[in-house]
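First up is the structure itself, then whatever we jot down about it.
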Number of protein chains: 2
Amino acid sequence: MKKITIGEAARQSGVKVPTVRYYESIGLLAAPSRSEGNQRSFEPADVSRLAFIRHARELGFEIEAIRTLLTLQDDPHQSCASADAIAKARLIEVEQRIRSLKALKAELETMVEGCGHGRVDQCRVIEVLADHGQCTHPHH
Amino acid sequence: MKKITIGEAARQSGVKVPTVRYYESIGLLAAPSRSEGNQRSFEPADVSRLAFIRHARELGFEIEAIRTLLTLQDDPHQSCASADAIAKARLIEVEQRIRSLKALKAELETMVEGCGHGRVDQCRVIEVLADHGQCTHPHH
DNA sequence: TCTTGCACCTCTAGTCGCTAGAGGATGTAG
DNA sequence: CTACATCCTCTAGCGACTAGAGGTGCAAGA
């Protein structure tokens with residue numbers, strides 16, 4: 001029986017040590033067994049689960065969505081319709097976010113280009129911020 | 001002397017009432033004068049300031065950045081270099097965010113397309129989440 | 001064996017930018 | 001005068017951690 005310490009689990013999964021404890025505290029990760037000295041002792045499966053969580057977090061899934069995805073993973077005979085729906089919803093979110101960030105980028109570019117590096121009273125950055133009507137894209 | 005209530009200021013600026021109070025509490029907006037019955041009484045300048053804040057927030061500027069932008073606006077004889085720097089930094093952030101979201105979108109698309117709508121054990125969504133090595137873009 | 005020093009433990013509180021709710025006062029229209 | 005909306009202050013909560021205090025466990029070198 002190899003014992004994986006929390007530090008080792010953190011290193012292998014890429015999740016920080018306090019975050020591992022946090023995930024345990026919110027029930028995303030089952031409480032592992034403990035050593036004689038009350039230290040957590042993880043299984044390889046726990047490390048995989050942490051890597052799964054980390055990857056999903058990086059892709060911007062919320063904890064509650066991940067909780068659902070994990071329960072699906074735990075029971076592989078279920079239909080994957082929920083997993084599909086969660087991923088699709090996330091995809092739509094991401095597409096919208098990209099669209100709005102592009103509008104925003106255009107706005108910021110106008111601001112920065114217009115700045116003549118003079119005094120504030122001629123500054124387009126401040127001016128545009130003060131008056132939304134000057135925005136090229138009204139979408140925000 | 002026209003008196004602008006907090007509700008009116010909120011309506012005109014597009015900032016919610018509790019948020020106006022919050023901005024006052026963190027010193028982003030000067031405490032306005034009060035009516036006999038202790039109710040806030042705003043000036044038109046306060047409403048402009050709130051609109052400025054709202055617009056900057058919509059563009060994703062953090063409160064501390066907005067604080068700096070506001071002090072610049074308050075003293076229009078200063079150089080606008082700081083405003084320019086803040087806007088440029090924000091632009092770079094936005095560009096990076098767009099790039100990473102695009103990688104993410106590609107990832108999610110692969111996941112969703114690969115899903116055969118069968119059972120979880122054949123589901124690409126779950127599979128890809130469990131194994132980062134399957135990602136087309138390693139950039140996340 | 002002792003000691004050094006890092007990794008671990010629990011617990012609380014803080015982060016950001018609000019938002020929600022309790023419990024009460026004020027202001028206005030009918 | 002009575003509804004009723006709006007206002008007031010205050011505290012607590014959100015998500016997803018992060019930081020710090022104060023203490024314990026453990027492995028390796030002197």
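In what follows, chains are A, B, ... by sequence order, proteins preceding strands, each numbered from 1.
Put simply, the side chain of A:H55 gets close to the backbone of B:V128: a donor and an acceptor are under 3.5 Å apart. Remark: the backbone N or O of A:L72 is not paired with any side-chain donor or acceptor of A:D75 at under 3.5 angstrom. In terms of modelled atom types and a separation under 3.5 Å, the side chain of A:R90 and the main chain of A:V94 share no donor-acceptor contact. Checked by atom type and distance alone, the side chain of B:S13 pairs as donor or acceptor with a backbone atom of B:A9 at under 3.5 Å.
At C:dC9, one or more side-chain N or O atoms of A:R40 fall inside 4.0 Å of OP1 or OP2 (strictly under the cut-off). Of the side-chain N and O atoms in B:K16, one or more sit less than 4.0 angstrom from OP1 or OP2 of C:dT19.
Residues satisfying the salt bridge (Lys or Arg N to Asp or Glu O under 4.0 Å) criterion with B:R21, sequence neighbours excluded, are absent altogether. Listed by chain and number, the residues in a side chain to side chain donor-acceptor pair (under 3.5 Å) with A:E64 are A:R67 (sequence neighbours excluded). Considering only residues two or more places apart in sequence or on other chains, B:R99 meets the side-chain contact (heavy atoms from CB on, under 4.5 Å) condition with B:E95, B:Q96. Residues satisfying the salt bridge (Lys or Arg N to Asp or Glu O under 4.0 Å) test with A:R124, not counting sequence neighbours, are none. Evaluation of the side chain to side chain donor-acceptor pair (under 3.5 Å) rule for A:K16 yields no partner, not counting sequence neighbours. By the side chain to side chain donor-acceptor pair (under 3.5 Å) test, A:Q78 pairs with no residue at all, sequence neighbours left out.
In this structure, the side chains of B:T68 and B:I86 come closer than 4.5 Å at one or more pairs of heavy atoms.
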List every contact pair, protein side and nucleotides 12-14 of chain C side both N or O, where the distance is under 3.5 Å.
none

Please produce a list of atom pairs where a protein N or O lies less than 3.5 Å from an N or O of nucleotides 23-30 of chain C.
unit_1, atom_1, unit_2, atom_2, d
C:dG27, OP1, B:G37, N, 3.2

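Rounded to a whole Å, the CZ atom of B:R57 is 14 Å from the C1' atom of C:dT19.
Contacts of B:R34 with the nucleic acid, taken as non-hydrogen atoms under 4.0 Å apart, involve only primed sugar atoms and P, OP1 or OP2.
Of all the residues in residues 61-72 of chain B, B:E62, B:I63 reach under 4.0 Å from DNA chain C with at least one non-hydrogen atom. Within residues 17-33 of chain B, the residues having any heavy atom under 4.0 Å from DNA chain C are, by residue number, B:T19, B:Y22, B:Y23.
Atom CD of B:E127 has more than 12 heavy atoms from other residues, nucleotides or ligands within 6.0 Å.
By the 4.0 Å N-to-carboxylate-O rule, B:R54 lies close enough to B:E58 to be salt-bridged with it. Using a cut-off of 4.0 Å between Lys/Arg side-chain N and Asp/Glu carboxylate O, A:R97 and A:E93 are scored as not salt-bridged.
Along DNA chain D, read 5' to 3', the first and last nucleotides having any atom under 4.0 Å from a heavy atom of chain A are D:dA16 to D:dA27.
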Please report, to 0.1 Å, the donor-acceptor pairs under 3.5 Å made by any side chain of residues 23-30 of chain B, with sequence neighbours excluded.
unit_1, atom_1, unit_2, atom_2, d
B:E24, OE1, B:R40, NE, 2.6
B:S25, OG, B:Y22, O, 2.7

